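Position 1 is the first residue of the sequence; numbering continues from there. Note that the coordinates shown come from a computational prediction; the quantities given were computed from them, not determined experimentally. Whatever order the structure lists ligands and atoms in, that order sets their numbers, starting from 1.
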Amino acid sequence: MVDMSVRIGGVALKNPVMPGSGTMAEGLARVMDLNRIGAIVTKTVTPDRREGCPPPRMVEYKDGSLMAIGIPSQGPDYYIAEILPHYRSFDTPLVCSVSAPTVDAFGAITAKLSAPGVAVIEANISCPNLESDGKAFGMDPEASARVIRRMKASTDRPVWAKLTPNVTDIAAVAQAVEDAGADAVTCANGMLGMAVDVENFQPALGNITGGMTGSCMRPVILRMAWQVARAVKIPVIGSGGIATARDALEYLMVGCAAVQVGTQNFIHATAMLDVIDGIEAFCRRKGVARVRDLTGAMRPRHGLREGQAA
Ligand SMILES: Cc1cc2nc3c(=O)[nH]c(=O)nc-3n(C[C@H](O)[C@H](O)[C@H](O)COP(=O)(O)O)c2cc1C
């Protein structure tokens, strides 16, 4: 028997596999047993109702997709009344993702959504900071830290910070949110990109730019997860291009304690179950008794070279 349990930022999970925010919805319970996954992560909720981005919202590539969805949200009251009840019957911790345009609003929505049934609040800090320069909070270590400090002061639930990859030094942002009290970091959201519909002389996305996700992003986000894991002591959750158990194992071995499966949930609805079973089979094959022993198990062939040392 392999011990698949992990402890992530204040919560015990049956196994280290969960969905990325926005990539599962209530209907998933019709095709798989949500008791089997490590956590349920819900779509980001914002303080006000939002329509999201104008269409087109998505461009597909062979190995990924470029998306500008823009967080359509029905707001926190709808979430509490209509979304949360769907998940009450499952014995799986629920992670509620939130986002807001100001630090105050992050605090208020965190307090409001610390409702019965919510185990963790995940901060989606990839949204614009409307009190400052409009750049995403997550692009600035100090702005990210302010958000996390306010959220921690507004809830007794663990707070996970979901980082944006659209930075030069992601480890600096991870350290800032750790110092601000984050219980874990998720690495990372979509990478900014764009595409042009040349026939029509138009941007392919209604929003012009969007977030690139899916398998093609894995080497880039994996590198970031490795850098983040070496920079912080809190658990790191890898999120970027995980489609198979092998992909998830890469993230665990570079230092992540858990993983989120995103785009692959749309391609293969029960992908998370295959990832869980595949990790367990790998542990059995390699004689690994506890999945948490895989965290950081990668051994660089030549040690750490100059400039790579922690
Ligand atoms: C359709 C779609 C919607 C998403 N919505 C959200 C969201 O609401 N909040 C969030 O933090 N991340 C959101 N994400 C990002 C995912 O949670 C995940 O971090 C990202 O897609 C990278 O993982 P992947 O390469 O496995 O897809 C969304 C991704 C997709 C594809």
**Asked** Do Y87 and T42 meet the criterion of a side-chain donor-acceptor pair at a distance under 3.5 Å?
**Response** no

**Item:** Beyond-backbone contact of N15 with V291, side-chain heavy atoms, under 4.5 angstrom
**Value:** no

**Asked** Is there a donor-acceptor contact under 3.5 Å linking the side chains of T186 and S239?
**Response** no

**Message:** Between the side chains of D33 and R36, is the shortest nitrogen-to-carboxylate-oxygen separation below 4.0 Å, so that they form an ion pair?
**Reply:** no

**Polar contact flag, side-chain donor to acceptor under 3.5 angstrom, T164-N166** = yes

**Request:** Verify, without hydrogens or angle tests, whether D277 (side chain) and D274 (backbone) share a donor-acceptor contact under 3.5 angstrom.
**Result:** no

**Message:** When you measure from the heavy atoms of G211 to every atom of ligand 1, does any distance fall below 4.0 Å?
**Reply:** no

**Message:** Can you report which non-hydrogen protein atom sits closest to atom 20 (C) of ligand 1, along with the distance?
**Reply:** T213 CG2, 3.7 Å

**Asked** With only distance considered, is K162 within less than 3.5 Å of ligand 1 through an N or O on each side?
**Response** yes

**Prompt:** Heavy atom of G190 under 4.0 Å from ligand 1?
**Reply:** no

**Request:** Answer side chain, backbone, both or neither: which part of A188 comes under 4.0 Å from ligand 1, heavy atoms only.
**Result:** backbone

**Item:** Structural part of M67 in contact with ligand 1, heavy atom criterion under 4.0 angstrom
**Value:** side chain

**Item:** Within-cut-off N or O pair, Q260 and ligand 1, under 3.5 Å
**Value:** no

**Prompt:** Has ligand 1 got any nitrogen or oxygen that is less than 3.5 angstrom from a nitrogen or oxygen of G214?
**Reply:** yes

**Prompt:** When you measure from atom 8 (O) of ligand 1 to each heavy atom in K43, M24, Q264, which option holds the nearest one?
**Reply:** K43

**Message:** For atom 28 (C) of ligand 1, what is the closest protein heavy atom, and at what distance to 0.1 Å?
**Reply:** S21 O, 3.5 Å

**Message:** What protein heavy atom lies closest to atom 9 (N) of ligand 1? Include the residue and the distance to one decimal.
**Reply:** T44 OG1, 2.6 Å

**Item:** D183 with R157: basic N within carboxylate O range, under 4.0 Å
**Value:** no

**Message:** I want to check something: taking the side chain as every heavy atom from C-beta on, are T44 and E122 in contact at a cut-off of under 4.5 Å?
**Reply:** no

**For atom 3 (C) of ligand 1, the protein heavy atom that lies nearest, with its residue and separation** = G22 O, 3.5 Å

**Prompt:** Is there a side-chain contact between S65 and T263, using heavy atoms and a 4.5 Å cut-off?
**Reply:** yes

**Message:** Under 4.0 Å from a heavy atom of F266: which atoms of ligand 1 are those, numbered in the order shown and with their elements?
**Reply:** 1 (C), 31 (C)

**Prompt:** Which residue supplies the protein heavy atom nearest to atom 29 (C) of ligand 1, what is that atom called, and how far is it?
**Reply:** T23 CG2, 3.8 Å

**Request:** Indicate yes or no: does an N/O atom of N124 lie under 3.5 Å from an N/O atom of ligand 1?
**Result:** yes

**Asked** In the protein, what heavy atom is nearest to atom 26 (O) of ligand 1, and what distance, to one decimal place, separates them?
**Response** G262 N, 3.1 Å

**Prompt:** atom 18 (C) of ligand 1: which protein heavy atom is closest, and how many Å away?
**Reply:** S239 OG, 3.4 Å

**Prompt:** Looking only at side chains, do S114 and T155 share a donor and an acceptor under 3.5 Å apart?
**Reply:** yes

**Message:** Please list the nearest protein heavy atom to atom 24 (P) of ligand 1 with its residue and the distance rounded to 0.1 Å.
**Reply:** G241 N, 3.5 Å

**Request:** Before accepting this row, confirm whether a basic side-chain N of the pair R149/E142 lies closer than 4.0 Å to the acidic partner's carboxylate O.
**Result:** yes

**Prompt:** For ligand 1, is there an atom lying under 4.0 Å from some heavy atom of N189?
**Reply:** yes

**Side-chain heavy atoms of K286 within contact of L249, under 4.5 Å** = no

**Prompt:** Side chain, backbone, both or neither: which part of T263 has a heavy atom under 4.0 Å from ligand 1?
**Reply:** both

